[in-house]
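Okay, so here's the structure we're looking at.
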Number of protein chains: 2
Amino acid sequence: MEKQIATTLFESLASGVRLDVFRLLVKNAPEGLVAGEIALALELPATNLSFHLKALTQSNLITVVQEGRYQRYRANLELMQELIAYLTAECCTGQAELCFDAQLVPECCSN
Amino acid sequence: MEKQIATTLFESLASGVRLDVFRLLVKNAPEGLVAGEIALALELPATNLSFHLKALTQSNLITVVQEGRYQRYRANLELMQELIAYLTAECCTGQAELCFDAQLVPECCSN
DNA sequence: TTAACACTTCAATAATTGTTGAATAGTTAA
DNA sequence: TTAACTATTCAACAATTATTGAAGTGTTAA
């Protein structure tokens, strides 16, 4: 994963609202939720939620498909996996023995 | 890990400069680097680096100890571990089978 | 075909974050 | 003690992000 992608993902997760949205969608995987259900669950104004959904969608952390007049959002678990892998590599670089899951990253980066 | 802590950590990692600083300190664990060495390596004005070091220190992602007139910074790898564990839990909630069946080995340290 | 519905976009504004030079505080060497 | 050194804080400003009501787009049901 490129550094620029990683910072965008961290930026997406750096807001309490967006983290709540993502966690809610993970809980409701794989069927996801439509925007109105998210707004109801998190008690957010539609317009504000829409702002954060757009940010999450643009970072690719969630996906959206239209269903009639609804928009259905889903968590992108594969990308989250990749982010965890990136973070694990960052954590272990040059210090694999200090990380508890070191065996998940057999070839730590050396530069 | 509490949500509020997690968002603070993501916020810390959401800046390219701060991510560079953290990765540099991970590479130089466990001895760490003094502020001037970081500034030299990343070609940053001291005042700007200081701003980001403060943010990283306040989020506890790095630590600092005084050494004479130098300030030595170190990556907090234990906290990074906790963050990875939090993210893993978020990713897998209700969907454990979708996580960790794929190979987690990342492409090493691209920019 | 009209009205209600679901959601987003727009525009205005508020709030937060990032950057820089100048000033400051503490440390060490002459 | 004085001067150089290391790094941070301060103040000013620039840039980005967040929030909200009003308006707009597309969809469905009556």
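In the text below, chain A, chain B and the rest are named by the order of the sequence lines, each starting its count at 1.
- Side chains of L19(B) and T7(A) form a contact here, defined as non-hydrogen atoms less than 4.5 Å apart.
- At whole-Å resolution of the value, CD in Q71(B) and P in dT28(C) are 11 Å apart.
- Here the P atom of nucleotide dT8(D) and the CD atom of E67(B) are 13 Å apart, to the nearest Å.
- Between H52(B) and dT19(C) there is a side-chain N or O to OP1 or OP2 distance below 4.0 Å.
- At a cut-off of 3.5 angstrom, the base of dT9(C) holds at least one donor-acceptor pair with the side chain of T47(A).
- In this structure, N28(B) contributes its side chain and L24(B) its backbone to a donor-acceptor pair below 3.5 Å.
- Among the atoms of the strands shown, none is found under 4.0 Å from any heavy atom of R72(A).
- Dashed line: the shortest gap from a side-chain N or O of Q66(B) to OP1 or OP2 of dT27(C) is under 4.0 Å.
- Between I62(B) atom CD1 and dA7(D) atom P there is a gap of 13 Å when expressed in whole angstrom units.
- Nucleic acid contact class of A35(B) (heavy atoms, under 4.0 Å, all strands): sugar-phosphate only.
- Crowding of E67(B) atom CD: a count of heavy atoms from other residues, nucleotides or ligands under 6.0 Å exceeding 12.
- At the heavy-atom level, F51(A) lies under 4.0 Å from base atoms of the strands shown.
- One can place CZ of R69(A) at 11 Å from C1' of dG26(D), the figure rounded to the nearest angstrom.
- Annotation: of the two residues near DNA chain D, G68(A) and A55(A), the 5′-most nearest-nucleotide partner is A55(A).
- Between Y70(B) atom OH and dT6(D) atom P there is a gap of 5 Å when expressed in whole angstrom units.
- Following rounding to the nearest Å, E37(B) (CD) and dC5(D) (P) show an atom-to-atom distance of 17 Å.
- Between dT17(D), dG26(D), dT9(D), one nucleotide has an atom nearer to the side chain of K54(B) than all others, and that is dT9(D).
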